[in-house]
Number of protein chains: 2
Amino acid sequence: MTTEEIILQAARKVFREKGLEGSRMQEIADEAGINKALLHYYFRSKDKLFMKIFSEAIQSMLPSVRISLQEVETLNQFLSFFVHEYLKLLNELPWLPRFILQEVNRNPKLIKDIMGNRELPINEIDRLIRRDTEKGLIMPISAEHLMVNVISMIIFPFAARPVIQTLIFKDDEHAYKQFLIDRSEQITQFVLRSISIQSKP
Amino acid sequence: MTTEEIILQAARKVFREKGLEGSRMQEIADEAGINKALLHYYFRSKDKLFMKIFSEAIQSMLPSVRISLQEVETLNQFLSFFVHEYLKLLNELPWLPRFILQEVNRNPKLIKDIMGNRELPINEIDRLIRRDTEKGLIMPISAEHLMVNVISMIIFPFAARPVIQTLIFKDDEHAYKQFLIDRSEQITQFVLRSISIQSKP
DNA sequence: GTCTATATGGCGATAGAC
DNA sequence: GTCTATCGCCATATAGAC
């Protein structure tokens, strides 16, 4: 492994845990087992090194919605797929929402700089909704509110884990882990029940 | 207004926007129109001043759930009330979720120190659910998942405003404000449709 | 490329005059 | 109580030997 890659790995770990302002170049150097000056030799400044790590994170946070939209027939299929895939990602990278929100809130320009032209294909989702509404499969609903609802339920428990764990689970870590395991199933059911036209006994 | 209150007001503004590590004592002093040394005269240290501001914020974030639980007959009533009251609070203090999450994620001990024994009355909500389930009014659902769903949908658009505004609303601020106005109605409908037993044409 | 040593600046905090 | 001046520390960044 090259020195550059060793530095990046150390920087990832430290920046994730402490953010830009909370991290020290010395700590990154220690983590990488090298000297502080080498960091500047490879990346010129702390800000430049941070931006490398941060844009990596943003990239992995933008899920392949487009792909899933193309493979899908109904809104229900799309939503099940979206929830499942997104939660799979977050279970592998549970620190992602915290890291991104922390830095973006401190410096909102970061989003535009990095995300560039990416955005959620609201129009296509809206088309799916209307098609299924006309077929009598689902109730009409605003695409924006629907997607914000779904995304909120997926991400928030990761973004606010310490608060939720204390406030709702009385700091029972095991209960919280089980909660996260059930989450995919629970969100999907919750959303589909809300938009579906049902007639249950 | 006393000097102490002037300082507190300046500190609120600066800490809210930049967090503990992002704020400078000099900036607070400038904002208050006084000298840096006076801050230390009144509050000894930056940390002590910050904790004053932060615990204020936490207190206002804990809504009067208990009160609304006592005034309520059915789960539907409770949820409508809860969503409405919470969003009313956040519309007055939209910076609250960002501020709290930012600091809590950096230092998770803060929650326990400040919130002390407070927690969401999950057991009472669970009792409400079971009562209405037996009456055939609603479907059975986990109280934890239900409340996390509701809280997520309420808070997340405030906690992640910059991201959502860019990703979903293409930075159209007017559209985002209208979205927030509709939010209370939309969340309530979304939740009640999901848990209710319906038979619609 | 990698190190040691040092420059440079900024910040929290304190001393002490008024 | 409020100010000016300054201490002491720590963090980023650079100079320069190897």
Side-chain angles (χ1 to χ4, degrees), chain A residues 1-57 98-99 102-107 109-110 113-114, chain B residues 1-57 98-100 102-110 113-114:
Chain A
M1 195 155 48
T2 67
T3 306
E4 184 168 333
E5 186 51 42
I6 291 172
I7 292 176
L8 283 172
Q9 219 169 309
R12 272 182 212 113
K13 181 173 175 189
V14 175
F15 279 139
R16 270 174 208 167
E17 288 170 6
K18 319 216 169 167
L20 171 59
E21 283 163 339
S23 300
R24 303 288 156 238
M25 293 297 264
Q26 184 61 58
E27 195 178 351
I28 296 173
D30 292 347
E31 181 71 32
I34 53 135
N35 191 276
K36 217 174 43 169
L38 258 196
L39 299 180
H40 289 91
Y41 176 79
Y42 277 96
F43 297 95
R44 282 191 55 87
S45 77
K46 183 185 181 183
D47 279 344
K48 285 206 166 52
L49 176 55
F50 177 79
M51 285 308 287
K52 264 242 158 44
I53 307 298
F54 187 70
S55 38
E56 276 180 18
R98 267 199 297 266
F99 180 54
Q102 194 176 139
E103 302 304 330
V104 153
N105 283 331
R106 181 148 314 184
N107 182 6
K109 289 170 202 161
L110 282 180
D113 291 354
I114 292 176
Chain B
M1 195 154 50
T2 68
T3 305
E4 184 168 332
E5 185 53 40
I6 291 172
I7 292 176
L8 282 173
Q9 221 169 308
R12 272 183 212 113
K13 182 173 175 190
V14 176
F15 279 138
R16 270 174 209 167
E17 289 170 5
K18 318 216 169 167
L20 170 59
E21 283 164 337
S23 300
R24 303 288 156 237
M25 294 296 266
Q26 185 60 58
E27 195 177 354
I28 297 174
D30 291 347
E31 180 71 34
I34 54 137
N35 191 277
K36 211 174 51 165
L38 259 196
L39 299 180
H40 290 92
Y41 175 79
Y42 277 96
F43 296 96
R44 282 190 54 87
S45 78
K46 185 186 181 183
D47 279 344
K48 285 207 167 51
L49 176 56
F50 177 78
M51 285 308 287
K52 265 242 157 44
I53 308 298
F54 188 70
S55 38
E56 276 180 18
R98 267 199 296 265
F99 181 54
I100 292 179
Q102 192 177 146
E103 302 304 330
V104 154
N105 283 332
R106 182 149 311 186
N107 181 6
K109 290 172 201 162
L110 282 179
D113 291 354
I114 291 177

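Model, not experiment: these values are computed from the prediction. Protein chains get the first letters and strands the later ones, always in sequence-line order, with residue 1 at the start of each.
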| Counting only non-hydrogen atoms, which of residues 11-18 of chain A are less than 4.0 Å from DNA chain D? |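 None - not one residue of the stretch has a heavy atom sitting under 4.0 Å from the strand.
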| Contacts of B/Tyr41 that satisfy side chain to side chain contact (heavy atoms under 4.5 Å, CB included) - sequence neighbours left out |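 By the side chain to side chain contact (heavy atoms under 4.5 Å, CB included) rule, B/Tyr41 matches B/Leu38.
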Whole-Å distance between [N] [atom2] and [X] [atom1]?
| X | N | atom1 | atom2 | result |
| --- | --- | --- | --- | --- |
| B/Glu4 | D/dT2 | CD | C1' | 15 Å |
| A/Phe43 | D/dT12 | CZ | P | 16 Å |
| A/Leu49 | D/dA13 | CG | P | 10 Å |
| A/Tyr42 | D/dA13 | OH | C1' | 18 Å |
| A/Ile28 | D/dA11 | CD1 | C1' | 12 Å |
| B/Leu38 | D/dC3 | CG | P | 5 Å |

[X]: what forms a side-chain hydrogen bond (donor to acceptor under 3.5 Å, both in side chains) with it, not counting sequence neighbours?
| X | value |
| --- | --- |
| A/Glu17 | none |
| B/Arg16 | none |
| B/Arg98 | none |

Expected rows: protein N/O vs nucleotides 11-18 of chain C N/O, under 3.5 Å:
unit_1, atom_1, unit_2, atom_2, d
C/dC11, OP1, B/Arg24, NE, 3.4
C/dG12, OP1, B/Lys46, NZ, 3.0
C/dG12, OP2, B/Met25, N, 3.0
C/dG12, N7, B/Lys36, NZ, 3.4
C/dA13, OP2, B/His40, NE2, 3.1
C/dA13, OP2, B/Lys46, N, 2.8
C/dA13, N6, B/Lys36, NZ, 3.2

| Do any side-chain nitrogens or oxygens of A/Thr3 fall under 4.0 Å of OP1 or OP2 in C/dT2? |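 It does, given that an N or O in the side chain of A/Thr3 lies less than 4.0 Å from OP1 or OP2 of C/dT2.
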| request: Just grab all the salt bridge (charged side-chain N to carboxylate O under 4.0 Å, His left out) pairs involving residues 44-56 of chain B, residues at least two apart or on different chains. | output: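 Only B/Arg12-B/Glu56 qualify under salt bridge (charged side-chain N to carboxylate O under 4.0 Å, His left out).
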| Pairwise salt bridge (charged side-chain N to carboxylate O under 4.0 Å, His left out) hits with a residue in residues 27-41 of chain B, at least two apart |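 Those involving residues 27-41 of chain B are B/Lys13-B/Glu31, B/Lys18-B/Glu27.
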| field | ring-ring contact (aromatic ring centres under 6.0 Å, His included) against A/Phe54, all qualifying residues, sequence neighbours excluded | value |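 Partners of A/Phe54 by the ring-ring contact (aromatic ring centres under 6.0 Å, His included) criterion, ordered by chain and then number, come out as A/Phe50, A/Phe99.
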| message | When you compare the side chain of B/Ile34 with that of B/Leu39, does any pair of heavy atoms fall below 4.5 Å? | response |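 SC-SC contact between B/Leu39 and B/Ile34 confirmed.
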